[in-house]
Amino acid sequence: MKTAIPVQQGKNYDIRIERLGTSGEGVGRYDNFTVFVPNALPGEQVSARVEEVKKTYAHARIMEIRVASADRVRPRCEIYSDCGGCQLQHLSYEAQLTAKRLQVVDAMTHIGKLPHVPVKETLGAASPWNYRNKMQFPVGIHQGQIVVGCFAQGSHRIIDTEDCHIQREGNNALANAVRDIVTKLRIPVYNEDTHRGILRHIVGRVGQGDELMAVIVTAAKELPRKKELIRMMRERLPQLVSIQQNIQTYRNNVVMGRDTVLLWGKPTIRDTLGKLSFHISPRSFFQVNTAQAVVLYEQALQYADLHGTETVIDAYCGTGTITLFLAQRARNVYGIEIVRPAILDARKNACDNGIKNAEFIVGDATAVMPSLYRQGVRPDVVVVDPPRAGCTPTVLKTFANMKPRRIVYVSCNPATLARDLAIMKDLGYEAQEIQPVDLFPQTSHVECVAWMTQTGR
């Protein structure tokens, strides 16, 4: 006999919020039925109107906060309630760090079935504001005016953003300058419904010494009034050192296309992570929170436990940032990445930093690692930093087959981390500890570093 769903769409219910969900929404229960309530906090009693009902859960909107959490704070951003860029500005920063640790604990307990793995307190940022060195703002038209900013949560409606509190100031200045200049020059703005217009996105990157790179993303090769645009941007932005045009002609939601043209200035900007220096091009991967990236990589280095004699494999090396950190303390390091342009960047980064004990290989880790093993490479440590989807079982089995003394797993998704650690346990590697790191303050995202050793060692 089916149990009746206790809530109905359009009706209000009193709900006590128990925890935060993975997207920062409050999670409560009504008559033992799960209800997700955005902007609600654990411990709060709210009156919420149900907007959507599914078989096992419902979504609701706060109508009134009857009992507020002691951790509730006033959001710094004036457009926070509309913007989808942040999810936790209404929660004190100390409580954000606690909530992110609990997110990891919850994933380990319910997804990984590994409740006994220690999860340390989240390493917070010294400054949880104005940390993003990269901006990707869409450009659109609203009520006849050009708007530049973030998408509203769950939609493609652009919220005009003059002062994003998680962006570096150079990126905010760039967005405001481009809005004004494009309005004056009447450069056509792209419409994703009709696939007409020119200007799609503004991408900004802030480097060392506040150097600023601007990337104008267009839907066509020709950029109207290009010379005037360049001149006016240079006059408005004294920190600007590079203006580039990226061409994205496809009718999809991908921000940047394959082709980039240097319009003025330098082809790259530079930034540092610890003692290492990196050239950053428009499409390079580089952690958006430079200070916290150092914290994350130092943690990975600590868990790798290197003493200068080890061989290390970095299985998803990207542009080589973690690889080069490891190379500073290892005998030799092999970085593997399936994306060829990333490997080219990694090799250049190694050369620029004078690191000669790092070798970068293009290919799938499931093929490259067995090949290295046949060549006599015996890694003491394997480091992995996969995308949000985590690792496939084949990749995890490949790691185990190499028999390293320890494996360090850097993750941007607690759910897939928990799943993969459970698989690794079955393959003979047991998680010893997890360290959450807050790379994205004011948002629901949390990074983690875990380390594993062979069972019984």
Side-chain angles (χ1 to χ4, degrees), residues 117-118 120 273-276 293-338 343 346 349-350 353 355-361 363-387 390-392 394-412 417 420-421 423-435 437 447-457:
V117 177
K120 300 183 75 176
L273 289 172
K275 297 178 181 178
L276 302 173
V294 173
V295 174
L296 181 73
Y297 294 164
E298 289 287 358
Q299 188 65 50
L301 195 57
Q302 178 184 324
Y303 280 166
D305 190 31
L306 302 176
H307 303 280
T309 60
E310 296 85 0
T311 295
V312 183
I313 290 178
D314 182 2
Y316 288 81
C317 72
T319 56
T321 47
I322 294 181
T323 320
L324 299 184
F325 261 72
L326 297 165
Q328 296 175 98
R329 295 192 194 172
R331 183 179 64 189
N332 48 54
V333 183
Y334 297 88
I336 304 169
E337 173 60 57
I338 201 167
I343 285 291
N349 288 331
N353 286 282
I355 292 177
K356 299 179 180 179
N357 62 333
E359 180 180 340
F360 293 97
I361 304 167
D364 187 329
T366 57
V368 174
M369 290 178 69
S371 175
L372 289 172
Y373 195 84
R374 289 191 295 271
Q375 295 171 38
V377 175
R378 300 292 184 267
D380 301 287
V381 180
V382 169
V383 177
V384 56
D385 183 8
C391 299
T392 65
T394 302
V395 168
L396 295 173
K397 189 173 182 180
T398 301
F399 298 158
N401 288 342
M402 299 289 280
K403 295 182 170 54
R405 63 175 174 82
R406 64 173 58 196
I407 297 173
V408 179
Y409 193 128
V410 181
S411 170
C412 60
L417 171 66
D420 289 354
L421 292 185
I423 294 172
M424 289 305 301
K425 185 176 181 180
D426 292 338
L427 293 171
Y429 279 84
E430 192 161 6
Q432 301 299 317
E433 186 175 273
I434 301 172
Q435 176 63 72
V437 182
E447 299 262 338
C448 295
V449 190
W451 66 283
M452 296 167 263
T453 58
Q454 284 182 295
T455 305
R457 288 185 63 175

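Computation of the quantities below employed the complete heavy-atom set of this structure, encompassing side-chain atoms and omitting hydrogens, waters and symmetry-equivalent molecules.
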Taking side chain to side chain contact (heavy atoms under 4.5 Å, CB included) as the definition, give me every residue that meets it alongside P370, ordered by chain and number, with sequence neighbours left out. R374, T398

Distance-only polar pair, side chains of E433 and Y303, donor-acceptor under 3.5 Å: yes

Residues in side chain to side chain donor-acceptor pair (under 3.5 Å) contact with D420, at least two apart in sequence or another chain: Y409

Passes side-chain contact (heavy atoms from CB on, under 4.5 Å), Y334 versus T311? Steps please. CA-CA 8 Å; Y334 297 88; T311 295; 3.9 Å; yes

Using side-chain heavy atoms (C-beta onward) and a distance below 4.5 Å, is Q435 in contact with W451? no

Could you list the residues that satisfy side chain to side chain contact (heavy atoms under 4.5 Å, CB included) with D305, not counting sequence neighbours? H307, R405, R406

Would you say that I336 contacts L372 through its side chain, given a criterion of any heavy-atom pair below 4.5 Å between the two side chains? yes

Sequence-distant partners of V295, side chain to side chain contact (heavy atoms under 4.5 Å, CB included), two or more places apart: L123, Q292, V437

Taking side chain to side chain donor-acceptor pair (under 3.5 Å) as the definition, give me every residue that meets it alongside S371, ordered by chain and number, with sequence neighbours left out. Q375

Only counting residues at least two apart or in another chain, list the ones meeting side chain to side chain donor-acceptor pair (under 3.5 Å) with D364. T366

Applying side chain to side chain contact (heavy atoms under 4.5 Å, CB included) to R329 and not counting sequence neighbours gives E298, L301, L306

Partners meeting side chain to side chain donor-acceptor pair (under 3.5 Å) with Q302 (sequence neighbours left out): none

Looking at CD1 of I313 and CD1 of I361, how far apart are the two atoms once the value is rounded to the nearest 0.5 Å? 8.0 Å

Name the atoms and distances for all side-chain donor-acceptor pairs under 3.5 Å in residues 316-326, with sequence neighbours left out.
from	atom 1	to	atom 2	distance (Å)
T319	OG1	F285	O	3.3
T321	OG1	Y297	OH	3.1
T323	OG1	D314	OD2	2.6

